[in-house]
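The structure presented is a predicted model; accordingly, all values stated were derived computationally and were not measured. Convention: sequence-line order gives letters A, B, ...; per-chain numbering from 1. Any value given below was found using the heavy atoms of this structure, including those in side chains, with hydrogens, waters and symmetry copies removed.
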Protein chains: 2
Amino acid sequence: MVSVARPVHDEVALRLAGLEQRYTPIRRALVTTLADAGRPLSIPEILASVDELPQSSAYRTVTALIEAGVVRRVTGVDDHGRFELTEDLAGHHHHLACGSCGTVEDIAPSPRLERAMAEAARVVAEEQGYEVTSHQFDLVGVCSTCRALPG
Amino acid sequence: MVSVARPVHDEVALRLAGLEQRYTPIRRALVTTLADAGRPLSIPEILASVDELPQSSAYRTVTALIEAGVVRRVTGVDDHGRFELTEDLAGHHHHLACGSCGTVEDIAPSPRLERAMAEAARVVAEEQGYEVTSHQFDLVGVCSTCRALPG
DNA sequence: CTTGTAATGAGAACCATTCCCATCTACACT
DNA sequence: AGTGTAGATGGGAATGGTTCTCATTACAAG
């Protein structure tokens with residue numbers, strides 16, 4: 001909750017200012033929450049984390065931060081939008097969505113994974129004429145928690 | 001439209017029968033449409049492809065086919081569900097979602113891509129304790145059409 | 001302190017999806 | 001072929017996440 005580096009807040013304030021927008025307490029709380037979560041959060045999760053936050057403000061604030069280029073929307077396996085700080089603020093990583101419970105986790109980049117991902121992106125670019133967006137992959141699987149469940 | 005191999009229809013009929021369900025004309029039309037599309041289709045796309053299909057029937061039919069294990073839902077970059085035949089009916093492949101227009105394409109598996117994907121899945125399984133679902137990956141990028149657009 | 005502009009909160013509006021129910025149809029058994 | 005039973009269909013109502021509207025409030029500059 002106080003673990004967010006000041007440079008992040010400064011950078012967010014700067015980008016908002018570039019659009020003539022203010023870095024208000026609500027926006028600051030949202031940035032802090034997303035930074036601390038370490039994984040993309042859905043709106044319900046954000047509402048549970050930030051005290052006294054009306055739903056409409058949550059959606060609007062998230063939208064404002066997206067427009068300022070400090071938050072991006074992540075699509076998971078269920079139909080809930082999930083949000084995280086952009087890579088230039090939170091660091092490069094990939095995502096792993098659990099097809100069973102819907103939770104999305106960040107994957108810390110390891111050299112082996114990066115090599116495999118980079119190779120996959122290269123192949124897709126060559127063979128399909130696609131430009132893979134900023135080395136961003138989302139994998140779907142079953143998380144260890146759900147695998148342990150009966151059924 | 002007549003390009004669907006008979007074994008596919010037979011298999012679908014069999015799986016529906018296993019749940020005491022019938023392989024009706026509507027369901028057959030949907031299977032044919034999905035098989036011919038060669039990429040996951042959204043409900044609006046399905047409605048445009050199948051003549052005289054009420055929206056409620058489209059959703060219900062898709063749901064029935066999912067329960068029978070012959071169709072699966074694919075999540076793209078926008079919030080529209082997209083549907084395709086399962087891999088055991090349509091063959092193994094990956095997806096490429098265009099972050100700009102939302103269209104999802106199938107990626108034909110090439111040896112190079114498979115190697116890279118398999119390696120990525122292995123790493124994720126080892127390092128994150130995840131079981132990656134049936135070698136299924138979805139990548140996001142910008143398709144060649146959208147890249148050619150101004151702006 | 002005044003004023004202009006952005007931000008907020010509550011609820012209405014929207015839209016994709018799901019649910020309901022009366023009607024229709026397919027298959028099994030005469 | 002005729003009939004009965006259960007599944008399937010279609011139209012519309014209901015749901016739920018997300019977006020929009022607008023009156024009110026909070027800032028920053030003069």
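Rounded to a whole Å, the CZ atom of A/R82 is 12 Å from the P atom of D/dG17. Residue A/Y23 contributes atom OH, which lies 18 Å from atom C1' of D/dA26 at whole-angstrom precision. Between the P atom of D/dG17 and the CG atom of A/L41 lies a distance of 17 Å, rounded to the nearest Å. Nucleotide D/dA8 holds its P atom 14 Å from the CG atom of B/L30, rounded to whole Å. Counting to the nearest Å, the C1' atom of D/dT19 and the CD1 atom of A/I66 are 13 Å from each other. We find that NE2 of A/H80 is positioned 15 Å from C1' of C/dC15, with the value rounded to whole Å. Atom CG in A/L47 sits about 16 Å away from atom P in D/dG16, given to the nearest Å. Rounded to an integer number of Å, the gap from CD of B/E52 to P of D/dT9 is 15 Å.
B/R28 has no side-chain polar atom (N or O) that falls below the 4.0 Å cut-off from OP1 or OP2 of C/dA26. Side-chain nitrogen and oxygen atoms of A/Y59 include none within less than 4.0 Å of the OP1 or OP2 phosphate oxygen of D/dT19.
Residue A/Q21 places its side chain closer to C/dA7 than to any other of C/dA16, C/dA7, D/dG10. Side-chain proximity of B/R60 to the nucleotides D/dA8, D/dG10, C/dT17 is greatest for D/dG10.
A donor-acceptor pair under 3.5 Å is absent between the side-chain atoms of B/S57 and the main chain of B/L53, judged by distance alone.
In terms of position along DNA chain C, the nucleotide closest to A/T24 lies nearer the 5' end than the nucleotide closest to the other residue of the pair B/P44 and A/T24. Each of A/S57 and B/P25 has a nearest nucleotide on DNA chain C; the 5'-most of these lies closest to A/S57. Each of B/E20 and B/P54 lies near DNA chain D, and the nucleotide nearest B/E20 is the one positioned closer to the 5' end. The nearest heavy atom of DNA chain D to B/S56 and to B/R22 marks one nucleotide each, and the one closer to the 5' end goes with B/R22.
From A/L19, atom CG reaches atom CG of A/L14 across 11.0 Å, with rounding to the nearest 0.5 Å.
Under a 4.0 Å N-O distance rule, the pair A/R115/B/E119 does not qualify as a salt bridge. A salt bridge between B/R73 and B/E84 is absent, with no side-chain N of the basic residue lying under 4.0 Å from a carboxylate O of the acidic one.
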Exercise for the section: Please report the C-alpha distance between A/V142 and B/Y130 in whole Å, then the side-chain angles of each, then the deciding distance to 0.1 Å, and finally whether the side chain to side chain contact (heavy atoms under 4.5 Å, CB included) criterion is met. Expected result: CA-CA 6 Å; A/V142 182; B/Y130 258 69; 5.8 Å; no

